[in-house]
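The structure under discussion appears below in the form of structure tokens.
Both ligands and their constituent atoms are indexed starting at 1 by order of listing.
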Amino acid sequence: MRLHRWLGVDVRFTGAAERSSVDAGIAAVTAELRAAGRRPYPVPRGGATPLGALGYVRASTELAAQLAGMAEPPTGLWLATGSCGTQAGLLAGAALTGAAYQVVGVTVSRPPAECRDRVRELAAAAASLAGIGAPIREPDVRGGWIGTGYGLPSPAGQTAARLVAATEGVFLDPVFAAKAMAALIAECRAGRVHGPQVFLCSGGAPTLFAGEHAPAGPGVFELAPAGARGREAR
Ligand SMILES: Cc1ncc(COP(=O)(O)O)c(C=O)c1O
């Protein structure tokens with residue numbers, strides 16, 4: 001928000017708590033701008049379009065180049081899945097590069113079945129845009145890691161984030177990467193992961209400094225009490 005304000009962006013709020021209200025808001029503003037003779041370029045939530053997914057097709061080729069020098073190829077590529085464009089791009093990218101790894105998305109917002117449909121559709125459309133003819137695998141989306149809700153840190157996610165910070169010096173954001181890492185760690189501990197894994201941290205660093213996630217003890221982060229959280233809105 002600070003950067004948006006800095007750039008003089010005209011930010012509109014829908015006034016509704018449901019995130020889906022943004023879809024209708026985008027359509028309304030698009031119509032308003034068109035009526036005023038402007039040429040808007042509507043971007044849906046998450047930038048989840050076939051064109052948007054091409055960024056991660058490109059990332060897959062970059063990853064393939066990095067992995068080429070590894071003795072043992074990874075069997076899995078893990079990431080957090082929200083609006084599904086990232087996973088779709090990586091899935092189409094895996095087809096393009098002939099990667100042996102399974103692209104595993106851990107959903108942090110939508111139900112897994114809805115994600116699978118979205119990823120399948122977006123990956124096929126991105127592949128067609130990029131001229132990728134190779135078959136695309138069925139999306140692998142894992143559920144059960146959202147916690148209380150989208151955007152809210154979960155105890156499992158924060159424990160995983162603290163472990164990774166302490167052992168690797170990598171700080172995972174509480175909304176996306178922390179929850180995906182919690183899923184990966186649990187799968188490893190359950191003995192269901194074999195071979196090297198790639199974990200994609202897709203960003204989210206600004207949320208490390210939002211809210212008040214004070215460390216409450218070894219391996220546990222605590223959410224600020226409800227009364228204190230209003231201050232985050234400033
Ligand atoms: C840091 C971060 N990681 C992952 C995602 C989710 O990616 P996607 O919406 O493409 O599934 C988002 C989406 O906003 C994000 O901000």
Side-chain angles (χ1 to χ4, degrees), residues 1-4 9 11 14 18-23 25-26 42-60 62-63 76-94 102-127 129-130 136-147 149-154 156-158 160-161 164-165 170-184 197-211 213 232:
M1 284 302 292
R2 179 168 296 170
L3 299 184
H4 282 134
V9 170
V11 178
T14 65
E18 308 81 54
R19 286 183 302 129
S20 56
S21 71
V22 174
D23 303 338
I26 290 171
V43 177
R45 284 187 289 145
T49 62
L51 185 64
L54 291 188
Y56 273 104
V57 171
R58 187 100 185 241
S60 305
E62 201 178 312
L63 178 61
L77 164 56
W78 291 71
L79 71 145
T81 286
S83 59
C84 302
T86 305
Q87 190 172 354
L90 290 172
L91 206 54
Q102 179 87 346
V103 179
V104 189
V106 178
T107 178
V108 298
S109 57
R110 295 171 161 84
E114 186 183 331
C115 290
R116 280 181 208 111
D117 290 346
R118 286 175 64 88
V119 172
R120 193 182 304 111
E121 211 169 289
L122 280 165
L129 258 185
I136 294 175
R137 290 208 203 116
E138 181 59 16
D140 182 345
V141 179
R142 310 289 171 92
W145 298 95
I146 298 175
Y150 170 74
L152 300 171
S154 69
Q158 293 311 91
V164 173
V170 173
F171 293 84
L172 302 176
D173 78 284
V175 179
F176 295 95
K179 291 177 181 179
M181 182 57 84
L184 171 56
Q197 306 297 299
V198 175
F199 184 85
L200 175 83
C201 178
S202 40
T207 54
L208 289 172
F209 306 99
H213 324 293
E232 292 169 19

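- Residue Cys84 places a heavy atom less than 4.0 Å from ligand 1.
- Scanning the protein heavy atoms around atom 1 (C) of ligand 1, the nearest turns out to be Gly204 N, 3.3 Å.
- Atoms of ligand 1 found under 4.0 Å from any heavy atom of Thr81 (numbered from 1 in listed order, with element): 11 (O).
- The closest protein non-hydrogen atom to atom 3 (N) of ligand 1 is Ser202 OG, 2.6 Å.
- For ligand 1, the atoms lying closer than 4.0 Å to a non-hydrogen atom of Gly85 are 10 (O), 11 (O).
- Using modelled atom types, no side-chain atom of Arg142 and backbone atom of Gly105 make a donor-acceptor pair closer than 3.5 Å.
- The only option from Leu200, Leu184, Val198 that meets the side chain to side chain contact (heavy atoms under 4.5 Å, CB included) definition with Trp78 turns out to be Leu184.
- In this structure, the protein non-hydrogen atom closest to atom 7 (O) of ligand 1 is Thr86 OG1, 3.2 Å.
- At least one N or O atom of Gly82, backbone or side chain, sits closer than 3.5 Å to an N or O atom of ligand 1.
- Considering CZ of Arg116 and SG of Cys84, their distance stands at 10.5 Å, rounded to 0.5 Å.
- Ranking protein heavy atoms by distance to atom 13 (C) of ligand 1, first place goes to Phe176 CZ, 3.4 Å.
- Proximity of a side-chain donor or acceptor of Gln87 to a complementary backbone N or O of Asp140 within less than 3.5 Å is detected.
- Distance check, rounded to the nearest 0.5 Å: CZ of Arg45 to CD1 of Ile26 gives 7.5 Å.
- Asp173 CG to Met181 CE: the interatomic distance, rounded to the nearest 0.5 Å, is 11.5 Å.
- When hydrogens are left out, the protein atom nearest atom 9 (O) of ligand 1 is Ser83 OG, 2.5 Å; that is the closest non-hydrogen contact.
- By the 4.5 Å heavy-atom criterion applied to side chains, Met1 and Val11 are counted as neighbours.
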